[in-house]
Amino acid sequence: MNIQEVSVFIIYLLFMLSIGVWFFFRDKNQTEKGYFLGDRKMGAWVAALSAGASDMSAWVLMGLPTSIYALGLGQVWIAVGLALGYSLSWIYEAPRLRTFSIAADDSITIPQYLTNRFLSKSKTLQLISAAVFLIAYTIYAASSIKACGTLFNTVTGLDTTVAMYLAAFIVISYTFLGGFSAVSWTDFFQGMLVLAAMLIVPIVAWTMLEAGASASIDTPNYWNFFSSWQDIASGLGWGLGYFGMPHIIIRFMSIKSQHELRKSAKIGISWTVIILVFAALVGTIGRMFIGFDETVNNNSLVFVVMTRKIFPAIVSGVLLSAVLAAAMSTADSQLLAAASAFASDVYRPVIRGGKAGNKEMLWAGRIVVLLIAVAALFIAASPNAGSIMSLVSNAWGVFGAAFGPAIMLSLFWKRFTFTGASVGIFVGAAVDILWLSYMSHTGVYEIIPGFFAGLIAAVVVSMISPKPSKEVEELFDKALAMSNE
């Protein structure tokens, strides 16, 4: 155990926890809207880096670089797809989602927005959405918790399972106490730390490489960017996930003005593109710098090993805290999004018949945070859980396939119907899961068939359904006018 690295970790974790405590005492009379959406008061920088950090979990420092480290440049298409998808979501989806959610009775969750967008009294869509949320977010949070356990075990020698519990305790604490504001501000600081680490480590490692290091890689086709059509299609398919990723696009709804949103888009896109470029560099430079090691590959440790080889303990402690930052910034957002969906879309309208007050709603959300975190811990601790990257890809695929088509159609197609949205979400999620279960041998990422199946189902059902009412069409026109201001 390196005392200096451990000390840096402890200081960092205490700082994150203090943010949650601060917002808990500052906002003692916090409302449901404040806890789950920060009262729509987020500024450009906080919203942009919070959205980026909640997206770029530990997989961007551990999973993605290690995939490129082990398999070669064919895996870079994942980064290309993510960069394109993220940019398009900020440019086309964000301006409309912010104003449409306001016009739709000031909705604070994605299921709530999709229901209010059609002025529907039915709870069907909210219940379907909440079920997808709870399943996918539990898997997604498990990947972040597993990453924290792996890092703690590598750095401190602490038992991996014990380390997972410690990391989960910190994340649960500040999410439980401070809600959306605490999550967004912790994500802001964590986003800055991730950016610094991703810039520093590969650049310094590159300067230390010996001449001819690239020639030492003997894996066939390692440098082949166009390795297979499956790699290209699947990599680009990752970008589809952004259009339906609730914990990311909820940031679009929280920004205080359209002007701040445009500024936030520039910041967010720039940050993410830089992160993805340097994640790819970590993988390729790491392969040349440390050679192929099966332990590094199996535990997704290329960034960690490279950092510890290059820097003295106190510096490596700071840089490795970026891995914690990445994992925690995603886990907190996932827990909060799942809690908000359950509390706002199931607990109050279905269980309590719409009678729950603000205080009761806050505690219902906090209890769900605890329950999901416990379930995620069990998954992460299971020996059959799979790698960090596989857990992320499974959850990412379900969200993108289920919600991406429905949200985009709700923003750009006036003829879209409530029934079409409900069927599209169900079909997208079902096809994604079935493809993963029975067709994964094709090498095609399940989000692709899931997304397009959901899109086709939503369009076909909307076309054969009665057209939206005059009031729904007027809401669409009102929201569209707001987004163009």
Side-chain angles (χ1 to χ4, degrees), residues 31-33 36-42 88-130 243-244 246 249-262 264-265 340-341 344-345 348-350 353-354 402-428 454-485:
T31 64
E32 177 192 357
K33 182 178 174 182
F36 291 129
L37 203 60
D39 286 320
R40 295 189 192 270
K41 293 181 179 179
M42 290 298 110
L88 292 173
S89 69
W90 268 108
I91 295 168
Y92 294 106
E93 184 179 32
R96 292 199 178 194
L97 183 58
R98 179 185 173 274
T99 57
F100 272 62
S101 65
I102 294 172
D105 199 25
D106 201 19
S107 303
I108 63 172
T109 71
I110 295 301
Q112 195 179 94
Y113 157 70
L114 287 171
T115 299
N116 293 342
R117 158 70 173 78
F118 303 102
L119 301 177
S120 174
K121 301 297 183 183
S122 172
K123 306 304 177 190
T124 302
L125 194 150
Q126 287 174 280
L127 290 172
I128 293 172
S129 300
F243 301 110
I249 61 179
I250 198 76
R251 265 66 181 179
F252 303 159
M253 296 163 58
S254 73
I255 300 174
K256 60 186 178 183
S257 69
Q258 292 296 90
H259 173 72
E260 286 292 296
L261 189 146
R262 286 188 286 272
S264 193
S340 66
S344 299
D345 305 321
R348 180 162 59 187
V350 178
F403 294 108
I407 292 172
M408 293 303 288
L409 288 171
S410 76
L411 300 175
F412 289 91
W413 190 28
K414 189 189 288 191
R415 181 66 176 78
F416 194 36
T417 67
F418 176 84
T419 306
S422 300
V423 173
I425 290 171
F426 177 80
V427 170
L455 177 63
I456 292 168
V459 171
V460 170
V461 171
S462 293
M463 292 301 294
I464 64 176
S465 302
K467 66 177 295 187
S469 66
K470 180 181 178 181
E471 291 77 15
V472 172
E473 291 185 339
E474 288 175 348
L475 186 151
F476 182 93
D477 292 334
K478 174 187 174 182
L480 186 59
M482 290 169 60
S483 66
N484 292 328
E485 290 177 357

I'd like to know whether R117 forms a side chain to side chain contact (heavy atoms under 4.5 Å, CB included) with V472, so could you lay out the CA-CA distance, the side-chain angles of the two residues, the decisive distance to 0.1 Å, and finally the verdict.
CA-CA 7 Å; R117 158 70 173 78; V472 172; 3.5 Å; yes
Residues F403 and G244: closest non-hydrogen pair is CB-O, 3.6 Å
For P95, the side-chain contact (heavy atoms from CB on, under 4.5 Å) test, sequence neighbours excluded, returns Q258, L261
Minimal heavy-atom distance between G424 and A457, with the atoms involved, is CA-CB, 4.5 Å
Value for CG (D477) from CE (M482), rounded to nearest 0.5 Å, stands at 13.0 Å
Next on the checklist: Quick check on Y92: does its OH atom have over 12 non-hydrogen neighbours (other residues, nucleotides or ligands) under 6.0 Å away?
Outcome noted: no
Q | Beyond-backbone contact of L409 with L455, side-chain heavy atoms, under 4.5 angstrom | A | yes
Of all heavy-atom pairs linking A406 and A402, the shortest is CB-O, 4.3 Å
Hits for salt bridge (charged side-chain N to carboxylate O under 4.0 Å, His left out) against E473, two or more places apart or cross-chain, chain-then-number order -> K467
message = Could you go through S465 and F418, starting from their C-alpha distance and side-chain angles, then the distance that decides it, and tell me whether this counts as side chain to side chain contact (heavy atoms under 4.5 Å, CB included)?
response = CA-CA 9 Å; S465 302; F418 176 84; over 6 Å; no
The side-chain contact (heavy atoms from CB on, under 4.5 Å) partner of T419 among V461, T124, L125 is V461
Do W90 and S264 touch side chain to side chain, with heavy atoms closer than 4.5 Å?
yes
Taken in chain and number order and not counting sequence neighbours, the residues that satisfy side chain to side chain donor-acceptor pair (under 3.5 Å) with S422 are none
When T115, T109, I110 are each screened for side-chain contact (heavy atoms from CB on, under 4.5 Å) with Q126, the one that passes is T115
Q: May I ask you to check whether over 12 heavy atoms, not counting those of F426, lie within 6.0 Å of atom CZ?
A: no
The side chain to side chain donor-acceptor pair (under 3.5 Å) partner of Y113 among S101, S410, S107 is S410
Shortest non-hydrogen pair, L97 vs M253, comes out as CG-CG, 3.9 Å
- Query: So do P468 and F476 actually touch side chain to side chain, heavy atoms under 4.5 Å?
  - Reply: no
Rounded to the nearest 0.5 angstrom, the CZ-CG distance for F100 and L475 is 8.0 Å
Sorted by chain and number, sequence neighbours left out, side-chain contact (heavy atoms from CB on, under 4.5 Å) with S462 holds for W413, F416, T417
Residues at least two apart in sequence or cross-chain that pass ring pair (Phe, Tyr, Trp, His ring centres under 6.0 Å) with F243, listed by chain then number, are none
### Message
Does any part of the side chain of E93, heavy atoms only, come nearer than 4.5 Å to the side chain of S89, both counted from C-beta?
### Response
yes
In short, S129 meets P111 closest at the heavy-atom pair CB-CG, 3.4 Å
Of all heavy-atom pairs linking R96 and L411, the shortest is NH1-O, 2.8 Å
side-chain contact (heavy atoms from CB on, under 4.5 Å) filter on I456, not counting sequence neighbours, yields V460
